[in-house]
Asker: 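Structure below; questions to follow.
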Amino acid sequence: MLQHQREKQLLQKYLEREVVVEQMELEPVSNIKGVGKETAELLREMGINNIHDLIMYFPYRYEDFRLKDLAETPHNEQVTIEARVESMPTVFFMGRKKSRLQISVLAGRHIVKVVFFNQHYLREKLIPGTIITVSGKWDRGRQTITATSVKFGSKDDIQDFEPVYSLRGSLHQNKFRKFMRQALDMTKEELNDCLPRFLREQYKLLPIDEALEGIHFPKDSNHLKQARRRFVYEELFLFQLRIQALRKARKEHEKGIAIQYDLQKLKEFINQIPFDLTNAQKRVVNEICRDLKLPYRMNRLLQGDVGSGKTVVAAIGLYACVTAGFQGALMAPTEILAEQHMASLESWLKPFGVRVALLTGSTKAKERKMILEELEKGDIQIIIGTHALIQPDVTFHNLGFVITDEQHRFGVEQRRILRDKGMHPDVLFMTATPIPRTLAITAFGEMDVSIIDEMPAGRKEIETHWLKKEQLNASLVKMESELKKGRQAYVICPLIEESEKIDVQNAVEVYEQLRTIFQGRYTVGLMHGKLHPDEKEQVMRDFKEGKIHVLVSTTVVEVGVNVPNASFMLIYDADRFGLAQLHQLRGRVGRGEYQSYCILLANPKTDEGIERMRSMTETNDGFRLAEKDLELRGPGDFFGKKQSGLPNFKVADLVHDYRVLEVARQDAIKLVNDEGFWQDNQFKYLREMLEKSGALSGERID
Ligand code: ADP
Ligand code: MG
């Protein structure tokens, strides 16, 4: 597939250190004329250590010098004209440094005024008859341009686009552009293209030298467009290539367990489940079972909206594992969730003679001792629990399959410990956070992804309404009418970023208010992040058991907790939440047979905020909301600031370039599965890289 040995080496090099250009890699910036010690230091601060870094330092925007016709330029828009100075400049001084210089110019057939602020020194140069190219903001009424930049001479000598770089200190655009010009001229002959020729030809992408030229000094808008197109593909392709290479290496390298489950028994089990699986559930069950059977280690992410029925899928997977003589484990982030899983799994699995046990922090010492013994002997086939499962003294007989629910609540380390208790157990992560595909294949690119994108039949859609804050009373009336029917309600308090203290204060305030309002009629409970874990569990338990009617909470309200009797949710200041989070919160209601309601109280100040409120009232589909969220907030904010796991692309944009991402991913998969690619020493290197990145222990590659 790869035509040249050379290209192969370059790809390998990229995988190693992400270098695009080889030879100049170590050539210092001081080799550029005009770069002295001080400038070199500034460049270093910008992350530019050598000439390769320099040419890969891209402009963040361009000054647009394309000529426009004034007659067609709307008021207040940026415009560039070529013109002849018609009048002597007049200058007014306003204080020592401030000045206003004005001239009349002839542009085509228009006589217009051009105003320069604080550039009175131009007075000598702007004499009548001079040809200038000037850009600035067009005031249509006054027929005046307020100049932002002026060049002497006709437009023919000026490029359409001038790069603007993000610079430090005393470094100026013009100076930096000169460095860039030199660097590009110096390296032109030596550039090696890291994109294989066949891909370049297939997509008609510019070769590296023309692309770099086009990114820094585009001849015209098409040149810039083509340069961008190439780098978008390059970034996404090389990124995917690395992920796919690692994935393949891991699959081939790590010997997992082939779990030869008993298909007949599994079918009988599925038939006995009190409802029919949805098509989506059937599909993911097949994906999981196929993985179990393969001698690779499963590393799969199961995504399914709240209430889509992930638990039963987990149960089927665990039972499959049991029929092959292995143990399975299901780990949940809280005791309540673990208990909930225990109740479901036991009711489904007990009739099939499977021993299921629960191990949490509250398990009594004596019982715990027994469980540990039976677990070690292999008498317990499925263990469900919290962190208690990963204590040092917990030993398995033959752990084959580990499932963690709500994976984002678990630390990487904890998952590793649990996995390492088995030989090479298959691992399935379940999450109720719908992640748009573009992000999933980027941030979780090394995992396989299964998606349940269908709700069990007969679910009632949650009715969502957006009300203004002034309508709080109306919301409370609605809430009370639900309480009267015997239902329960959640009240979610405003989230104030950066201040958990204020969050808690807010919750306490709302709690006190509601307590007064409902006094003698309904019990109000309070839940927030500052409560002790035991207190939290107790509050949730009371709510679950119906002892609390109205639960006031900050966003800590437990993920995945099932209180089917709760049919009403009120969210204060809903515009402060992202769509994904609102959807998560809303998922706490509508889990039972009752029609459920969600009221968003919000007076959003931005169009985006209004858009979010609208989206929430329009759909209950978590994936659609996630896509919308991504569109509105961008990929960086989607996962929250810290642990996005997304690479920083210079040119590519995961939202707009998702089609390229798909194509690049397919190309990368094809390439790493090409035998030629894996010959020679390449595998050796990849192994080292895998070890370094922790990929061999199944962790995320960041
Ligand atoms: P989640 O994906 O949020 O963890 P659960 O597994 O808790 O969802 O399932 C929510 C509810 O839907 C449970 O009561 C479960 O028994 C039920 N359920 C799951 N799958 C189906 C199905 N195919 N048909 C009907 N009910 C189902
Ligand atoms: Mg669940």
Side-chain angles (χ1 to χ4, degrees), residues 266-267 269-288 300-319 328 330-351 356 358 382 384 386 403-410 428-435 449-462 490 540 543-544 557-567 569 580-596 598 620-623 625-626:
L266 198 59
K267 280 186 173 160
F269 174 65
I270 292 171
N271 283 336
Q272 157 279 166
I273 291 168
F275 42 75
D276 290 334
L277 296 183
T278 61
N279 286 329
Q281 283 171 320
K282 285 181 196 157
R283 190 183 62 236
V284 302
V285 163
N286 281 330
E287 287 166 355
I288 290 164
R300 189 170 277 280
L301 180 71
L302 173 60
Q303 289 187 51
D305 216 338
V306 277
S308 62
K310 293 183 291 294
T311 317
V312 71
V313 171
I316 294 168
L318 291 169
Y319 182 65
L330 173 57
M331 189 153 78
T334 64
E335 290 196 8
I336 300 184
L337 276 176
E339 282 168 23
Q340 219 168 265
H341 286 325
M342 177 68 185
S344 311
L345 264 67
E346 221 183 8
S347 76
W348 293 326
L349 286 161
K350 222 177 180 172
V356 189
L358 177 72
I382 294 177
I384 297 169
T386 54
I403 302 178
T404 67
D405 194 11
E406 301 306 343
Q407 55 93 205
H408 55 283
R409 306 272 308 248
F410 271 111
L428 179 72
F429 304 99
M430 302 200 296
T431 177
T433 312
I435 305 167
V449 179
S450 288
I451 298 177
I452 307 182
D453 51 6
E454 180 187 0
M455 285 288 177
R459 281 285 155 77
K460 292 196 178 68
E461 291 251 305
I462 301 165
Y490 291 97
M540 279 322 293
F543 188 58
K544 211 173 167 174
V557 62
E558 297 302 336
V559 187
V561 163
N562 202 14
V563 184
N565 190 46
S567 67
M569 175 173 282
Q581 199 175 11
L582 284 172
H583 179 66
Q584 277 285 311
L585 288 168
R586 179 170 62 181
R588 304 300 109 223
V589 297
R591 299 174 77 88
E593 65 208 84
Y594 313 107
Q595 175 59 52
S596 295
C598 175
N620 271 293
D621 181 332
F623 280 96
L625 287 169

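Whatever order the structure lists them in is the order used to number ligands and atoms, beginning at 1.
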Asker: Do Ile273 and Ile316 come close enough that some side-chain heavy atom pair is under 4.5 Å?
Answerer: yes

Asker: Within the structure, does Trp348 bring an N/O atom to less than 3.5 angstrom of an N/O atom in ligand 1?
Answerer: no

Asker: How long is the gap from CG on Asp453 to OG1 on Thr278, to the nearest 0.5 Å?
Answerer: 8.5 Å

Asker: Among Lys310, Met430, Glu454, which residue places a heavy atom closest to atom 1 (P) of ligand 1?
Answerer: Lys310

Asker: If you count the atoms of ligand 1 from 1 in the order shown, which ones are under 4.0 Å from a heavy atom of Asp305?
Answerer: 2 (O)

Asker: Enter the distance from Ile403:CD1 to Met331:CE here, rounded to the nearest 0.5 Å.
Answerer: 11.5 Å

Asker: Hey, can you tell me if Phe269 and Tyr319 have their rings parallel, tilted or perpendicular (30° and 60° cut-offs)?
Answerer: tilted

Asker: Would you check the N or O atoms of Gly309, main chain and side chain alike, for any that come under 3.5 Å of an N or O of ligand 1?
Answerer: yes

Asker: Below 4.0 angstrom from a heavy atom of Val306, which ligand 1 atoms are there? Numbered from 1 as shown, please.
Answerer: 3 (O)

Asker: Examine ligand 1 and decide if any of its atoms is less than 4.0 Å from a heavy atom belonging to Ser308.
Answerer: yes

Asker: If you define the side chain from C-beta out and look only at heavy atoms, does anything of Arg586 sit under 4.5 Å from Leu625?
Answerer: yes

Asker: In the structure I gave you, are the side-chain heavy atoms of Leu345 and Thr311 within less than 4.5 Å of one another anywhere?
Answerer: yes

Asker: Heavy-atom contacts with Thr311 under 4.0 Å: which atoms of ligand 1 show up? List them by number with element.
Answerer: 4 (O), 5 (P), 6 (O), 7 (O)

Asker: For Pro456, take its heavy atoms, then give the atoms of ligand 1 lying under 4.0 Å from any of them.
Answerer: 20 (N), 21 (C), 22 (C), 24 (N), 25 (C), 26 (N), 27 (C)

Asker: How many angstroms lie between CD in Glu339 and OG in Ser344, if you round to the nearest 0.5 Å?
Answerer: 11.5 Å

Asker: Near Thr278, which atoms of ligand 1 are under 4.0 Å from a heavy atom of that residue?
Answerer: 23 (N)

Asker: Polar-atom distance check: Gly307 versus ligand 1, any N or O pair below 3.5 Å?
Answerer: yes

Asker: Calculate, to the nearest 0.5 Å, the distance between atoms CD1 and CG belonging to Ile270 and Asp276 respectively.
Answerer: 11.5 Å

Asker: Under 4.0 Å from a heavy atom of Asp276: give me the atoms of ligand 1 that qualify, with their elements.
Answerer: 22 (C), 23 (N), 24 (N)

